[in-house]
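Keep in mind it's a predicted model, so treat the numbers as computed, not measured. When reading the values below, keep in mind they use all heavy atoms of this one structure, side chains included, and skip hydrogens, waters and symmetry mates. Heads up: numbering here begins at 1 and tracks the sequence.
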Amino acid sequence: MISTFSRPIVRRALTSVCRNKPTRSMGQPRCYSSQSPPPTSSKKKVLTTLGCCALTGGAVYATMAIQHADALVDQRVSLLGTTENDVAIAIAERENLPVVRAARENPDMFEFEAYAYLKGSAKVQSLTAATLRGKGRIIVPPVLFYNKDRTEAMAVVHLGSDLCGHIGIVHGGMIATLLDEILACVALPALPRFVGYTANLNVDYRKPLKAGQWVVLKSRLNRVEGRKAYVEAWVESADGQTKFTEAKSLYVGPKMPF
């Protein structure tokens with residue numbers, strides 16, 4: 001699944017606070033001095049230790065859950081006959097596509113990791129992130145790019161021969177699913193609390209989309225009216241010369257948070 005709640009591919013270095021340098025706690029300045037801190041009671045030490053253990057345990061559990069979900073997805077993909085070599089070849093093809101290289105060289109675009117917001121069972125049960133992954137389907141996750149204000153998005157994905165309606169032609173429902181996801185990429189950031197639902201989706205199939213090729217999905221935010229976001233998207237060939245399908249959609253945010 002392509003989602004606006006994807007994780008930006010940015011490496012952030014961990015920072016540390018050195019002694020004798022000011023820091024802040026609860027909005028108030030505080031400095032560490034070279035003098036020994038005041039004595040701490042045994043009760044406070046125990047509570048602090050328990051708190052640290054709880055935080056560490058929670059982080060470890062979350063990491064294990066993510067790793068377990070990823071392992072299940074990989075296992076499901078391998079059961080479909082997908083080898084590591086198949087994946088490596090697909091990744092190499094994707095990385096060498098001119099449209100992908102151009103996006104990465106464009107200073108006005110940012111790359112995001114698709115499906116990064118899905119954790120645990122949410123990822124395992126996802127239609128596009130897990131169920132449709134594998135050789136002959138969506139062999140590798142798409143690459144996803146945003147412009148600076150997240151009003152435009154672009155994804156590049158390979159659609160295999162097992163995603164067909166008519167022989168050799170990608171199923172219209174599959175195309176609509178991918179369009180719905182790329183539309184969400186620009187609709188949700190524009191809505192209150194980044195939450196919304198597809199209220200309407202109109203799809204125009206211009207030309208048959210042959211399976212076994214890389215395609216580009218693009219979306220754009222047209223306007224926002226309160227809890228409503230109006231967006232449009234289309235599917236085109238990797239070289240940008242052919243537009244296969246177009247779509248317009250209305251996303252609506254909930255009245256109350258849930």
Give a yes or no answer on whether the side chain of [X] reaches the backbone of [Y] with a donor-acceptor pair at less than 3.5 Å.
X: S126; Y: A122; value: no
X: S219; Y: I182; value: yes
X: R193; Y: G253; value: no

Kindly compute the distance separating [atom1] ([X]) from [atom2] ([Y]), expressed to the nearest 0.5 Å.
X: N106; Y: R104; atom1: CG; atom2: CZ; value: 13.0 Å
X: M154; Y: M109; atom1: CE; atom2: CE; value: 4.5 Å
X: L183; Y: E232; atom1: CG; atom2: CD; value: 9.0 Å
X: N96; Y: R94; atom1: CG; atom2: CZ; value: 11.0 Å
X: T151; Y: N222; atom1: OG1; atom2: CG; value: 10.0 Å
X: F244; Y: K210; atom1: CZ; atom2: NZ; value: 9.0 Å

Should T245 and L209 be marked as a side-chain contact (heavy atoms from CB on, under 4.5 Å) after you check the CA-CA gap, both sets of side-chain angles, and the distance that decides it? CA-CA 8 Å; T245 313; L209 174 54; 5.6 Å; no

Show your reasoning for whether side-chain contact (heavy atoms from CB on, under 4.5 Å) applies to K218 and K243. CA-CA 11 Å; K218 293 183 178 180; K243 184 176 289 187; over 6 Å; no

Do you see a donor-acceptor pair shorter than 3.5 Å between the side chains of [X] and [Y]?
X: N85; Y: T83; result: no
X: N147; Y: D149; result: yes
X: Y230; Y: N200; result: no

Might you work through the side-chain contact (heavy atoms from CB on, under 4.5 Å) test for Y251 and V186, ending with a clear yes or no? CA-CA 10 Å; Y251 279 75; V186 291; over 6 Å; no

Can you name the nearest heavy-atom pair linking [X] to [Y], along with the distance?
X: M174; Y: T128; result: CE-CG2, 4.4 Å
X: G172; Y: Y205; result: O-OH, 2.8 Å
X: H158; Y: G212; result: NE2-C, 3.5 Å
X: T82; Y: K135; result: OG1-N, 2.7 Å
X: A90; Y: W214; result: O-CZ2, 3.3 Å
X: A114; Y: P142; result: CB-O, 3.7 Å

Can you find a pair of side-chain heavy atoms, one from [X] and one from [Y], that are under 4.5 Å apart?
X: T198; Y: S249; value: yes
X: H171; Y: L163; value: no
X: D162; Y: L132; value: no

Under the side-chain contact (heavy atoms from CB on, under 4.5 Å) criterion, do T242 and E236 qualify, and how do the steps go? CA-CA 5 Å; T242 305; E236 63 185 32; over 6 Å; no

[X], [Y]: one ILVMFWY side-chain cluster at the under-4.5 Å cut-off?
X: V100; Y: I89; answer: no
X: W234; Y: L221; answer: no
X: I169; Y: I175; answer: no
X: L250; Y: L191; answer: no

Taking atom CD of E225 as the centre, report whether more than 12 heavy atoms of other residues, nucleotides or ligands fall under 6.0 Å from it. yes

Pick from V215, V216, L178: which one makes a side chain to side chain contact (heavy atoms under 4.5 Å, CB included) with V235?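 So, applying the side chain to side chain contact (heavy atoms under 4.5 Å, CB included) to V235 and each of V215, V216, L178, only V215 qualifies.
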
